[in-house]
Every structure is written in structure tokens, then in C-alpha cells.
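Inspection log for the structure reproduced underneath, given as C-alpha cells.
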Amino acid sequence: MSKGLISRNDDYSQWYNDLVTKADLAEHSAVRGCMVIKPYGYSIWEKMQAALDKMFKDTGHSNAYFPLFIPKSFFSKEASHVEGFATECAVVTHYRLKNDGNGNIIVDEDAKLEEELIVRPTSETIIWNTYRGWIQSYRDLPILVNQWANVVRWEMRTRLFLRTTEFLWQEGHTAHATAEEAIEETERMLDVYADFAENWMALPVIKGRKTATERFAGAIDTYCIEALMQDGKALQAGTSHFLGQNFAKAFDVKFTSKEGKLDHVWATSWGVSTRLMGALIMAHSDDSGLIIPPKLAPIQVVIVPIYRSDEELAKISEVVDSLIAKFKARNISVKYDNRDTQRPGFKFAEYELKGVPVRLAMGGRDIENGTVEIVRRDTKDKQTISRENLDLYVENLLEEIQKNIYTKALNFRQEKTTEVNSYEEFKEVLDSKGGFIYAHWDGTPETEKRIKDETKATIRCVPLNNKQETGNCILTGNPSAQRVIFARAY
């Protein structure tokens, strides 16, 4: 095992925690529940950001930025929204510190805020208060805005990337003249997330609707993409919300229609976060370290020289310089690791741990023979090939690796997907196999809660375009028109 990683089969949770820290992705900070995202981890997040940002702009959205602090009174205007976030809010009550005369820094009691400020857990309230000044007529619509930001939700039990008190995300907030436009936007952005997950993260996802119980606070409808991790647990990888006119009514955001009628605006919000980093790790990686899909890999190819003398290194470096130029011409990110402080074996293990998709090694004999040793991270297959047209070969190999990682994850999900018809079968599959379980549910929150309380399994979603089939609820036996997806989840 690279750098002492525990096996996923022995302790999946510990394997994940160790991998995040040993692969230099992130570490715990001095602030409880918060993390430091290290340069290598942040470079992966930047690749995610860049891809998503382009997709947002290609669908007509622009970026903006709104304040970190939100007046407490804003949350009181939308009752279900404030109830949904009340237990997670960090509250600012004072604006100054002072020295107590004994060398201690204390809060200045005379600097109490007239109104407490909430540190942003999500931005619907302050954005809709702002939109009130931007919108008067149908000519001002639609507003298609996205924000890249940090948010704070006071978590009691935290885990790097998956659940931290402060995390990074993007949040889209759009305003529309009709419900139909807003629903179309909600579904469009769900498709964007699914496209990104599958074609960039190599992560197969199921698109669906959340039940009323699992819906975003203040939303009429919540759409989601659900992914399956290697331990058989589900992870919600993105959400898109149809907010109806709830926030427009709460903040009195009205517009004059083409017909001259005054009406409230229709809204959506949608977001993904650094939780995607956790999904990337847990869906693909192995006991040797990370496996990163090439499209998101900060380093797609690493070249390691194997030499006995400075003269031999110089000959290898001359060939490598030529290769690097060809790789860069094909937009392949490459690193040449000619450090003389570490042996090749150490470097091999390091880049395996960090999930670099392709590793090339070249020694004196390779220079003479016009060859190179090539290892792909996803399968660990190793071969010696000609350097002729190596750039084209590697370009095609990266595409093959991207597809293979996705196919492996898809096959795993299919193996871990089960249909059940009774509560006993449901519990047995949940404990012995895990994964996604398709089962009939009678549609009531009472049944949903009881199943969750007794098994810790939740309804992940009602899949879009779900097959309609009559059946009986696994718990109550009451009629059901379709199966929903249950799973234990992060």
C-alpha cells in the first residue's frame, strides 16, 4: 500500500480520511470543522470550477458576488427557509474587540450590532432582497446569475470535503416571468450537473426529484443527481430547486408583464460544492491512492527519468523536452520530475498515490531503442512502446482512461442496484449488499420517516422518467404507482 493506506475493505472511512491527507488534498485547520484545501486539492477544484463555469456561461449565465453577511431579519421573511437553516447558522453579534488591560483580547460589549448578521449559509434571502431593486418590468427578466463563494453551516460531525462547517460552492439564482420558464431553467441546470458528473468526473448519476421531506427549505420542487460510492452509500452530487414565487413574495419582488399586469417573479436556485471532491475520491480511488479522471487531473502525464550519471540524465532530458512540447501542443498537462533527491521507486509511488493518469519512465536503454515505459493509473497496466507518435498515443490513451473509469463506476452501480418487494428483503439487501434499492413506497411522509428511523435509509429520489408500475408499499402494503430509490447516504 502506498504510504501506509489502509484497505477500503478493512475500514472505508479511515481509508478515505488517510487518502485525503496523504495525497495532499486537504487537512484539518485550527478552526474546528473547517479545512485547509492544499494546492494539489485546490488545483482539482479549479479544474472543476473552470469546466462548470464555462457550462454556466454557455447556457447564458453571468457571475456576480453578494455579501457574506445577511441581516437576521431577512431570514424571518420566508418561514420554511429560516426553519430549514436555523440550527446551522453562525451569528455575528459584535463588530469590535478590545484589550482588557491585562493583555487579553476580549469582545467589546459596547460594540454590539443593532441587528445580528448571519454568516451566509446560502444566499436566497439577500439576493432576492437585491433583485427587488433590479426588477420592475418583464424587460428586466430573466436574470441568470451565478455566484462562486464560501458558505458556513455549523456542523457537529465533520469530514474533509464531505461535510465541513465552511465549504466552497457555486450557487445559481435566477428570476423569470413565468413558472414554465423557471421550471425549464431548473431542469436545464440539472442536466448541466449530470453532464459534468458523467463526462468530466466519470461519475454515473441518476437524475430525480426529492420527496417533500427531503426538499430544499423554501422550494416547491427539488431536483437532484445521486451517485453511488464504493462502500455502497449514496451521495447527493448536486441540486437544482424550483422556488416558485415564495422568495419573490417574501421580498415583494414584482414585475409588470407585457399585458400590463403586476405579478411576482418566479425563481430557481441551484448549486454544487467541494463535496464533489469527496465524490471523486470515493467513487474511483483504490488502496494505492487516488484515481483521477484525466479531464480533471492537474497533471495528466508525469515523466520520470532513470539514470546513472549526469550525462545520461542530459540525454534523457533532451528527448523529454521535445516530448513535452508535443504534449503541450495537444493541451496535455505534463510534469517532468527530474529531482535528484528521490529515487524513481519513491516517485512512482507518489504519483500513484496522487492519481496521475499516465506515468512515463525513460532510461538510457530507452534512449538508444527509441522507447518509453508507460503505465496507466486506472488499470496499472505497464508496457514498453515506441516513442514515435507518442503524443497522439497518449492523447488517445487519456480518452480511453476517462471512458474506462466511467464504465467501471457504471458497472459497479449496476451490480449494486436491486429491486425488492418486501420490507424484510429490503432490510436484508440494505445490510448485506447496500447500494441503490428500488422499492415501492406509499407516498406518505410517515412511512418515509419510519423507514429512515428503523434502517437509516432515505429516499434518495424519485427518478425522472421513472417507469410507472403498480405495486404495494414495502412497509404498509398500500398502493404505489412507481418505485423510488432508497439508500444509506452521506
Minimum heavy-atom separation for [X] and [Y], please, with both atom names.
{"X": "Val484", "Y": "Cys461", "value": "CB-O, 3.9 Å"}
{"X": "Leu160", "Y": "Ala26", "value": "CD1-O, 4.2 Å"}
{"X": "Ser123", "Y": "Glu171", "value": "OG-OE2, 2.8 Å"}
{"X": "Leu203", "Y": "Ala279", "value": "CD2-CB, 4.2 Å"}
{"X": "Ala182", "Y": "Thr268", "value": "O-CG2, 3.2 Å"}
{"X": "Ile292", "Y": "Pro298", "value": "CD1-CD, 4.4 Å"}

Any side-chain donor near an acceptor of the partner, [X] and [Y], under 3.5 Å:
{"X": "Thr21", "Y": "Glu27", "answer": "no"}
{"X": "Thr458", "Y": "Glu214", "answer": "no"}
{"X": "Gln230", "Y": "His284", "answer": "no"}
{"X": "Lys210", "Y": "Gln236", "answer": "yes"}
{"X": "Asp442", "Y": "Thr447", "answer": "yes"}
{"X": "Ser422", "Y": "Glu424", "answer": "no"}
{"X": "Ser73", "Y": "Ser76", "answer": "no"}
{"X": "His176", "Y": "Thr178", "answer": "no"}
{"X": "Asp231", "Y": "Tyr490", "answer": "yes"}
{"X": "Ser269", "Y": "Glu124", "answer": "yes"}
{"X": "Ser13", "Y": "Arg159", "answer": "yes"}
{"X": "Tyr438", "Y": "Gln482", "answer": "no"}
{"X": "Glu116", "Y": "Thr93", "answer": "no"}
{"X": "Glu166", "Y": "Thr164", "answer": "no"}

Kindly say whether the aromatic ring centers of Phe251 and Phe74 come within a distance under 6.0 Å.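 Yes, ring centres under 6.0 Å apart.
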Please report whether the ring centroid of Phe247 lies less than 6.0 Å from that of His81.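 Ring centres of Phe247 and His81 closer than 6.0 Å.
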Do Lys452 and Ile459 come within less than 4.5 Å of each other through their side chains, counting heavy atoms only?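 The answer is no, as the side chains (C-beta and beyond) never meet within the 4.5 Å cut-off.
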Looking at [Y] and [X], is any side-chain nitrogen of the basic one under 4.0 Å from a carboxylate oxygen of the acidic one?
{"X": "Arg163", "Y": "Glu155", "result": "yes"}
{"X": "Arg488", "Y": "Asp431", "result": "yes"}
{"X": "Asp286", "Y": "Arg377", "result": "yes"}
{"X": "Arg450", "Y": "Glu454", "result": "yes"}
{"X": "Arg96", "Y": "Glu109", "result": "no"}
{"X": "Arg209", "Y": "Asp221", "result": "yes"}
{"X": "Lys254", "Y": "Asp252", "result": "yes"}
{"X": "Lys207", "Y": "Asp191", "result": "yes"}
{"X": "Glu185", "Y": "Arg188", "result": "yes"}
{"X": "Lys261", "Y": "Glu259", "result": "no"}
{"X": "Lys57", "Y": "Asp53", "result": "yes"}

Would you verify whether the NZ or CZ of Lys354 falls within 45 degrees of the ring axis of Tyr40 while also being under 6.0 Å from that six-membered ring's centre?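 Yes.
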Does any N or O in the side chain of [X] come within less than 3.5 Å of the main-chain N or O of [Y], such that one atom is a donor and the other an acceptor?
{"X": "Thr125", "Y": "Phe75", "answer": "no"}
{"X": "Glu115", "Y": "Lys72", "answer": "yes"}
{"X": "Glu226", "Y": "Gly208", "answer": "no"}
{"X": "Gln170", "Y": "Ala149", "answer": "no"}
{"X": "His61", "Y": "Asn146", "answer": "no"}
{"X": "Asn246", "Y": "Gly218", "answer": "yes"}
{"X": "Asp108", "Y": "Asp110", "answer": "yes"}
{"X": "Asp140", "Y": "Ile135", "answer": "no"}
{"X": "Ser29", "Y": "Cys34", "answer": "yes"}
{"X": "Tyr131", "Y": "Thr174", "answer": "no"}

From [X] [atom1] over to [Y] [atom2], what is the distance, rounded to the nearest 0.5 angstrom?
{"X": "Leu280", "Y": "Ser285", "atom1": "CG", "atom2": "OG", "answer": "6.5 Å"}
{"X": "Leu276", "Y": "Trp45", "atom1": "CG", "atom2": "CH2", "answer": "6.0 Å"}
{"X": "His94", "Y": "Leu117", "atom1": "NE2", "atom2": "CG", "answer": "12.5 Å"}

Measure up the [X] and [Y] rings against each other and bin them: parallel (under 30°), tilted (30 to 60°), perpendicular (over 60°).
{"X": "Tyr423", "Y": "Phe426", "answer": "parallel"}
{"X": "Trp266", "Y": "Phe242", "answer": "parallel"}
{"X": "Phe216", "Y": "His241", "answer": "parallel"}
{"X": "Trp200", "Y": "Phe196", "answer": "parallel"}

[X] atom [atom1], over 12 foreign heavy atoms within 6.0 Å:
{"X": "Trp154", "atom1": "CH2", "result": "no"}
{"X": "Lys47", "atom1": "NZ", "result": "yes"}
{"X": "His264", "atom1": "NE2", "result": "yes"}
{"X": "Lys98", "atom1": "NZ", "result": "yes"}
{"X": "Glu83", "atom1": "CD", "result": "no"}
{"X": "Lys403", "atom1": "NZ", "result": "no"}
{"X": "Lys408", "atom1": "NZ", "result": "no"}
{"X": "Lys77", "atom1": "NZ", "result": "yes"}

Pick from Asn421, Ile474, Val462: which one makes a side-chain contact (heavy atoms from CB on, under 4.5 Å) with Arg483?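 Result for side-chain contact (heavy atoms from CB on, under 4.5 Å) with Arg483: Asn421.
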Give the intermediate values and the outcome of ring-ring contact (aromatic ring centres under 6.0 Å, His included) for residues Trp134 and Phe255. CA-CA 10 Å; Trp134 293 6; Phe255 75 105; over 10 Å; no
